[in-house]
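Comments concern the structure below.
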Amino acid sequence: MLSKLKIKNIHLRYFRYKKNSEFKKALFFLAPSLLGISIFVLIPFVDVIRRSFFDAMNKKYVGLSNYYSILGNEAFIKAVKNTVRFLGTCIPLLLVLTLLLSLLLYKQKKHKEFLKISFLLPMSIPVASVVVLWKLLFHENGLINVLLHHFHISNINFINSGKAFYILVFTYIWKNAGYDMILWLTGLYGIDESYYEAASVDGAGRVAKFYYITLPNLLPTIFMIGVLSFINSFKVFREAYLIAGDYPNNSIYMLQHILNNWFVSLDIQKMSAAAVLTMLVFLILILLFKLLDKTQEE
Amino acid sequence: MRRKIVAILLVLVLVCASLIGCNKDSKETKSTTAKSGEDATKKDKDKNIKMGRYVEEKVQLPELSTNENVFKMIQNKNKQIEVYTREEKNSSIHFYSYVQKEPGKWEKSTPTWLNDGKVNNNSVSIESILLGKDGNYYALYLSYAGNTQKAIVIKATDETKESTMINIPYLNQKIKVGQQSFYPYIRKMEVMKNGNFILDDGFKENKLLVFSKDGKKLEDISIGGEQHLASFDNDVISIKEDNSGFSFFNTDTKKVDKTIDYKVTTSDMFESMNLVYAFKEDGTLFICDNKGIERLQKDGTLWETVVDGQLNSMSMPSLGIDNLIVSDNSGEEFYVSYYSDNNDIQLMHYTFDKNISSVPQKEINVYSLKENKTIRQSVALYQAKNLDVRVNYVVGMGEEEGNSSDYIRALNTELLAGNGADVLVLDGLPMDSYIEKGVLSDLSDIIKPMEEKNGILTNISKAFYKDNKIYCMPTRFTVPILLGSKEVINVSDSTEHIVKYINDTQKIYGPTMTYAQLICDNLALYSDEFMSDKGVDKTLLTKFLTNLKVIADNTKATEFDESGNSRKASKEPYFDINNLFMCDKYGFLDKDYETALLRHDSLTMFNFTMGMSKNRKGITYDTINNQFVPIGEIGLNAASKNKEIAKDFIKIILSSDVQDTNTFDGLPVIQSSLDKEKESMLKAKGTIGISSRGGKEFSFGTASESEINGFMQKIKELSKPMQVNQIINNMILENALPYFTGKNNVNQAVDIIIQKVNTYLEE
């Protein structure tokens, strides 16, 4: 008869063997995707990091001078400020709005699916169509200005003034509200009903239930929604570029604009340095988020 | 176990499916909008290089007398090449024919049937001579007797000793066109095997007319645009209505037997389909166009490229293709006749040479954002002289309209990878950025010797030197010339002086234009008033725009082109250096306004300028601040792997072989070509007639030698290239327009412009 220790060792070895062979199987299936990502994303990005230490044509090593150059570049600083302002305005606004929407929809009994689809529709509209629509509305001869003219109010230059920022914020929220709302709903459905029942028995009202039950249980979801919203916020560049071109109004001149323009003028060294700096900042932010999320779980 | 096998099989299927898309499609023809650095030829992996290719050889035409010109080439009944000439001597016209007995040897004869008085007189213009499929010779000519133009067809009879007029009643019936009536304008003719005639009437759009040999109308065939006709047996071959290929119309069954897809190209120079057909006796069809000579077997569907047009004169923009003859001596040989803008005929012979590699072993790439005719001409010429080199000319934007930034990004990607074209045409590209980053090589070793030999115009080349080095050189240039009184020309050096003149004299300064045209032209001429190396000065820009508004009000500029005279309406304003100075000038003769700005892209344009100045009292002309517009600026890629070949190519572009040819995209940059153009101007005597905007008729002769010399002296004084910053100019144009159309005031417009320009400059 085998001793208990020997049986345990056999189990451990079997378990390790099974884990290793499963790992190998997983690697085998992941390999094509990993290969593709390495070739098209990881290796080029390593090259970008390398290029950020060389001159434009990749001939002369220049050390950190590209980084100094962009940190002193007024256009870059302007773009970073605008990007931070945009993110700082949009993401909290989007999170709050979509949470409210999802709470309302959670309780909704009639036409729930119809309302969900309505909110999700903007996400499926192609960018070009959105641009055409926005031009129809916000152009100097667009619908809004025609209406204003009808009421003897002078035209508003939406695209070439500070108001362009608000149009962009509106575009971002309008496009992504449905998506975030669905994610919130998923989080809400994951909360056990028995908590609410118990709270009702204890005499908790709506606000107390929201604050002590709903919100704490939604915290893991916040991290995921936050990251996804953050990534989606950069996609709004497509609308900004198509409506306002390479050099839009200062209020919507963002990081992607300057990187785009640097590419056209062959300032690859600046572009690479800016990309590396941006990546570092985002990495720090995401790690902070992750840390917060872990702390909350614990 | 079973699951494992299934999983492995699934993976295999996935891998195989993904690899299927990797096979090479050898049937695709090369696209000229491919990446600029792409190696288009596939290097033969075998050590044996495939040999054999058609080569071009210029056929020495017969020696002609002074006023004798070749106007047609055909293949005669004996399958020999026969050219027809027209001689004007002592006010009489004579026609001759020359038959090529052997290469370089021609036998002259006088075709009596053309010299019997019907065709050889001054009131007739011969359109075509052809050997019909029925074996008879025919001629189509236009008679201008009695102030009308009438088409007449004659047939050679009695072994070409006499001619008989073919009675086609249709040609004697007038057609109502608008308010007037005209005889049919027959542009082309074909005679079928059964003697039926096929006529292309210029007044019957998209139709070919079929007549029996006794002149009776049989039917109409619906076709595409302007036609080069062909017939074989009972089939009439024509281009489809949507220009996507050919249709074979059977005149017996009166139905379209078959259609074949083919991408029909148009010549920009000649504004027509640059395409001819030929048939062999076995029914094989040959097409000759800019792409080359392609063959379609009878009843076949696959086109085979026999002669690559990229390697010879077929792709030259300065030549139109007139006729193709296929001779089947020992293997297929081709004769192609070309005509140039002055209607001179050239004859080329294409034979198969088995001692040359089928694909040139060396290759260089030339890239330009938009099609450039001088470069296209140079490519064809260079390849004709250097059979072992292929010049792959890539046009980034091709026929597509789009955002040039996207194409520039694609080009930059290749340049960064150390690839990119060997020769870059820098129009529209960020040239200053390329020079700053060392993308371009110094061209001093090419330009300086040419300057020393008194080849290149030094005033043009010197404007491009930076620290004793030259990185780009224009291949052509245009000159904006201002016509007006001395007083108005003196004030046209700045917008401020122009405004002062307008306020003092209350005269209309220039023609009516759109706001966009006005802004573009004045930005090109006077941007120095507010722009410097440091950037844009806000106060000076405000002043500039205010001045332009005064000029716009004075000339009654409009938002949209209402007259239909300007080339583009300002729907989507965009600063394009090729569309500058294109405003109306005919009202100048009616004294509607005081100045006319004329864009001179050839020396012959000066005839027009002199004529205009002579037809109005007290008028002279001058350049504006000695400015010129550089066109086709070329640079050499510093990372080029074929630098020596690329330099040779650049030398060809700047040589007299290319610069002598008028491709209508600018004046030549070498002195000898300008001199030649002057000589041909002096030889070409004639009268130019124009109508003014008010309907008055004006006529004037060509400029005299001293006048032309005066203009050439002005060309030598040009010193300032119009270096246009497309991005800044587009910002100004786009954001100044609302000010001009009254949607905002000048300060608002300037604030927006300054903000954008500053962002651009800060980058």
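Fair warning: this is a prediction, and the values are worked out from it, not measured in the lab. All heavy atoms count here, side chains included; hydrogens, waters and symmetry mates do not. A note on names: the letters A, B, ... follow the listed sequences, proteins ahead of strands, and every chain is numbered from 1.
The aromatic ring centroids of B/Y434 and B/Y471 lie 6.0 Å or more from each other. The six-membered or imidazole ring of A/F170 lies away from that of A/F138, with a centre-to-centre distance of 6.0 Å or more.
For residues 122-135 of chain A, heavy-atom neighbours of chain B at less than 4.5 Å comprise no residues at all. Within residues 246-266 of chain A, the residues approaching chain B closer than 4.5 Å by heavy atoms are, in numerical order, A/D246, A/Y247, A/P248, A/N249, A/N250, A/Y253, A/I258, A/N260, A/N261, A/W262, A/F263, A/V264, A/S265, A/L266.
Ranking A/N141, A/D55, A/N58 against chain B, the residue ahead of the rest is A/N141, based on heavy-atom pairs under 4.5 Å. Ranked by heavy-atom pairs under 4.5 Å with chain A, the first of B/K743, B/E763, B/K756 is B/E763.
B/L416 touches chain A through backbone and side chain together, each having a heavy atom under 4.5 Å away. Residue B/D751: no heavy atom, backbone or side chain, is found under 4.5 Å from chain A. Within the 4.5 angstrom heavy-atom criterion, atoms from both the backbone and the side chain of B/K437 approach chain A. Looking at B/I727, the atoms closer than 4.5 Å to chain A (heavy atoms on both sides) all sit in the side chain, from C-beta outward. Neither the backbone nor the side chain of B/V757 comes within contact range of chain A; no heavy atom of the residue lies under 4.5 Å from a heavy atom of that chain.
B/F544 and B/F530 have tilted rings, their planes meeting at an angle from 30° to 60° on a 0 to 90° scale.
Side chains of B/N735 and A/N160: a donor on one and an acceptor on the other come within 3.5 Å.
The nearest pair of heavy atoms linking A/L148 to A/I156 is CD1-CD1, 3.7 Å. Minimum interatomic distance between A/L168 and A/A240 (heavy atoms only, all atoms of both residues): CD1-CB, 3.8 Å. Pairing each heavy atom of B/A516 with each of B/L737, the nearest pair is N-CD2, 4.0 Å. Between B/Y407 and B/Y367 the shortest heavy-atom distance is O-OH, 3.8 Å. Here the closest heavy-atom approach between residue A/V276 and residue A/S52 is recorded as CG2-OG, 4.1 Å. Nearest heavy-atom pair, B/D406 versus B/R409, reported as atom, atom and distance to 0.1 Å: OD1-NH2, 2.6 Å.
The structure places CD1 of B/I732 at 8.5 Å from CG of B/N725, a figure rounded to the nearest 0.5 Å.
In this structure, A/S69 contributes its side chain and A/S65 its backbone to no donor-acceptor pair below 3.5 Å. Of the possible donor and acceptor atoms, none in the side chain of A/N66 sits under 3.5 Å from a partner among the backbone N and O of A/K270.
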